[in-house]
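Let me begin by presenting the structure, written as structure tokens, before commenting on it.
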Amino acid sequence: MKKIAIEGFSFCEGGVCAAKGFKAGAMRCGIRKSHTKKDLAMILSDCVCNASAVYTTNRVKASPILLTKEHLADGKAQAAAAMYTTNKVKGAPLTVTKEHLKNGMAQAIIVNSVNANTCNADGAEKAQEMCRLAAKELGLPEEDVLVASTGVIGQPLPIEPIADGIPALCKGISATGNTAAVEAIMTTDTMPKEVAVEFQLGGTTCKLGGMLKGSGMIHPNMATTLTFLTTDAAVSQELLQRALRDVVRVTLNRVSVDGDTSTNDMVVVLANGAAGNPCVNKENEAFETLKNALYAVLMNLARMMARDGEGATKLITCVCSGADQEETAACIAKSVITSSLFKAAMFGEDANWGRILCAIGYADASFPMDAVSVDLASEFGRIHVCENGAGVDFSEETAKKVLAAEEIQVLISIGDGEGKAIAWGCDLTYNYVKINGDYRS
């Protein structure tokens, strides 16, 4: 699908391998029944990175999430520091200290698909074993390896095929392994999702790339997906975390496919500083540029995820403007894209604007309903369907033509305020029920 460009940022190839010093790869270790599809992936930096992450708000959290949080925030560093004194990744010698092991730094990510490793009695043990085995093979401290899983919830994760596959996985990573890695983490996804951009920081060319999996169990409540981002920009861990939280709020948290928030949702960004720019350690122009780079990548990944919603045939972009504040506009836009009735109408290409008004009306926000106007638009035209909270005459024939497009825009105005927000969703089709009716099989 078409990417949306942002001024000052040019798209480039490579996904999570676009930035200097990053490699990736994948293999089929045997968790997946298919004899051809990959199911185990890895991302590796040549040197240790500042790392930041945001996680699902679901109270049920997968074991890999809990371990990744520990490794990034409060990992037990003493034993690892005693065992590992140097980084053994070729070309990147680095003294390991107790401090970096527990202060938001990491160097590798290992991810499996098919099995979520959630709600399992031995889940923590197996997540830790994945990190331990990868760390041993790479010659890294265990705390510098992050772990993620995606797939069926509540089934024990078979660790044996993963353990057998890790040596080959580590040997097979390369600067062109991004495509294999993103394919390996797909579950019901029908297309790989990766984006990378190039930009300037302090006169230095930097790159930021990402890959995402997500098709079902998608709802705006951080972070309805597994998303991995890499950059060669030098940035402090504190500001990297701040930028990630700010940008996720207006990208991934504005997507909904089915209203279900996953137990495994995680977004991780690694910054290795290999570009050599002056370190971004203040909230200045460089910090805003870095945030915009994150936005350019995550906004496009969010759109891809919405378009690839399980069974979807259409991407729906809802823009709400004229609000008293951004939060009001966001609440309304998200209310519309999560309405099952509206989503079904879009599948049927039915301009049933009353369902839009209904969703606007039950949004948890305060605004004058008599100021609401609604347009529907696409590459095939635009129709005005509501003014001052009431319907207006429009051509059903024109409406059908507009709604036949693959991407539909719902344009809502609720006044003359400056608050504006965008949310992304998809239509609700027969195939969504089919996919989720036999998901485990």
Side-chain angles (χ1 to χ4, degrees), residues 1-6 9-18 24 26 41 43 54 111 113 148 150 178-197 208-220 222-230 244 247-258 260 262 264-269 292-319 333-334 337-338 343 346 378-379 405-409 422-429 431-432 435:
M1 61 179 289
K2 183 180 178 181
K3 298 187 186 78
I4 304 297
I6 294 179
F9 300 86
S10 57
F11 294 115
C12 56
E13 298 299 317
V16 292
C17 293
I43 301 169
V54 286
V111 192
S113 57
T150 183
N178 53 291
T179 300
V182 71
E183 289 175 354
I185 66 173
M186 293 167 59
T187 50
T188 56
D189 305 60
T190 66
M191 64 180 183
K193 307 170 185 71
E194 56 180 350
V195 179
V197 296
L208 190 152
M211 69 182 196
L212 173 152
K213 71 82 51 186
S215 185
M217 292 188 79
I218 306 298
H219 186 62
M222 193 350 27
T224 48
T225 170
L226 288 185
T227 303
F228 305 106
L229 306 159
T230 60
L244 183 64
V247 176
V248 163
R249 182 180 64 83
V250 296
T251 54
L252 300 183
N253 278 14
R254 300 274 176 86
V255 178
S256 185
V257 168
D258 50 19
D260 275 298
S262 175
N264 289 57
D265 298 340
M266 180 192 304
V267 179
V268 178
V269 56
N292 287 336
L294 276 169
Y295 182 83
V297 171
L298 285 174
M299 176 267 291
N300 278 289
L301 288 174
R303 284 169 48 84
M304 291 178 186
M305 180 165 58
R307 174 59 186 90
D308 196 33
E310 289 176 341
T313 65
K314 299 181 187 296
L315 167 64
I316 300 170
T317 300
C318 183
V319 182
K334 290 195 290 186
I337 59 141
T338 54
K343 287 155 62 71
M346 292 300 95
S378 74
E379 61 180 308
E406 184 177 331
E407 180 174 353
I408 309 299
Q409 292 183 321
I422 304 174
W424 299 274
C426 60
D427 55 345
L428 180 60
T429 73
N431 277 338
Y432 178 84
I435 290 167

**Prompt:** Does the pair Leu252 and Asp265 meet the rule for a side chain to side chain contact (heavy atoms under 4.5 Å, CB included), with working shown?
**Reply:** CA-CA 11 Å; Leu252 300 183; Asp265 298 340; over 6 Å; no
Heavy-atom closest pair, residues [X] and [Y]:
| X | Y | answer |
| --- | --- | --- |
| Ala180 | Ala26 | O-CB, 3.2 Å |
| Ile185 | Ala41 | CG2-CB, 4.1 Å |
| Thr230 | Val16 | OG1-O, 2.8 Å |
| Leu315 | Ala306 | CD1-CB, 3.5 Å |
| Gly210 | Val297 | N-CG1, 4.0 Å |
| Asn253 | Arg249 | CB-O, 3.5 Å |

Between [atom1] of [X] and [atom2] of [Y], what distance do you get to the nearest 0.5 Å?
| X | Y | atom1 | atom2 | result |
| --- | --- | --- | --- | --- |
| Ile4 | Thr317 | CD1 | OG1 | 8.0 Å |
| Lys193 | Met1 | NZ | CE | 10.5 Å |
| Lys3 | Leu301 | NZ | CG | 9.5 Å |
| Lys314 | Ile408 | NZ | CD1 | 5.0 Å |

Set of residues satisfying side chain to side chain donor-acceptor pair (under 3.5 Å) with respect to [X], sequence neighbours excluded:
| X | answer |
| --- | --- |
| Ser113 | Arg32 |
| Thr227 | Thr225 |
| Glu406 | Arg307 |
| Asn292 | none |

**Asked** Which residues pass the ring pair (Phe, Tyr, Trp, His ring centres under 6.0 Å) test with Phe9, sequence neighbours left out?
**Response** Phe199
**Prompt:** Of Val247, Leu226, Val54, which meets side-chain contact (heavy atoms from CB on, under 4.5 Å) against Val267?
**Reply:** Val54
Which residues pass the side chain to side chain contact (heavy atoms under 4.5 Å, CB included) test with [X], not counting sequence neighbours?
| X | value |
| --- | --- |
| Ser10 | Glu198 |
| Leu428 | Ser340, Lys343, Tyr432 |
| Thr179 | Glu183, Glu194 |
| Ala333 | Cys318, Cys320, Ala423 |

**Prompt:** Between the side chain of Asn300 and the main-chain N/O of Leu298, is any donor-acceptor distance below 3.5 Å?
**Reply:** no
**Message:** Between Asp427 (side chain only) and Ala312 (backbone N and O only), is there a donor and an acceptor less than 3.5 Å apart?
**Reply:** no
Do [X] and [Y] have side chains that get closer than 4.5 Å, going by heavy atoms?
| X | Y | answer |
| --- | --- | --- |
| Thr251 | Leu294 | no |
| Val197 | Ile6 | no |
| Val195 | Met304 | yes |

**Message:** Quiz question: by atom type and distance under 3.5 Å, do the side chains of Thr187 and Lys213 form a donor-acceptor pair?
**Reply:** yes
**Request:** Given side chain to side chain contact (heavy atoms under 4.5 Å, CB included), test Ile43 with Val268 step by step and report yes or no.
**Result:** CA-CA 11 Å; Ile43 301 169; Val268 178; over 6 Å; no
**Prompt:** Listed by chain and number, what are the salt bridge (charged side-chain N to carboxylate O under 4.0 Å, His left out) partners of Glu407, not counting sequence neighbours?
**Reply:** Arg303
**Request:** List the steps and the verdict of side chain to side chain contact (heavy atoms under 4.5 Å, CB included) for Asn178 and Glu13.
**Result:** CA-CA 10 Å; Asn178 53 291; Glu13 298 299 317; over 6 Å; no
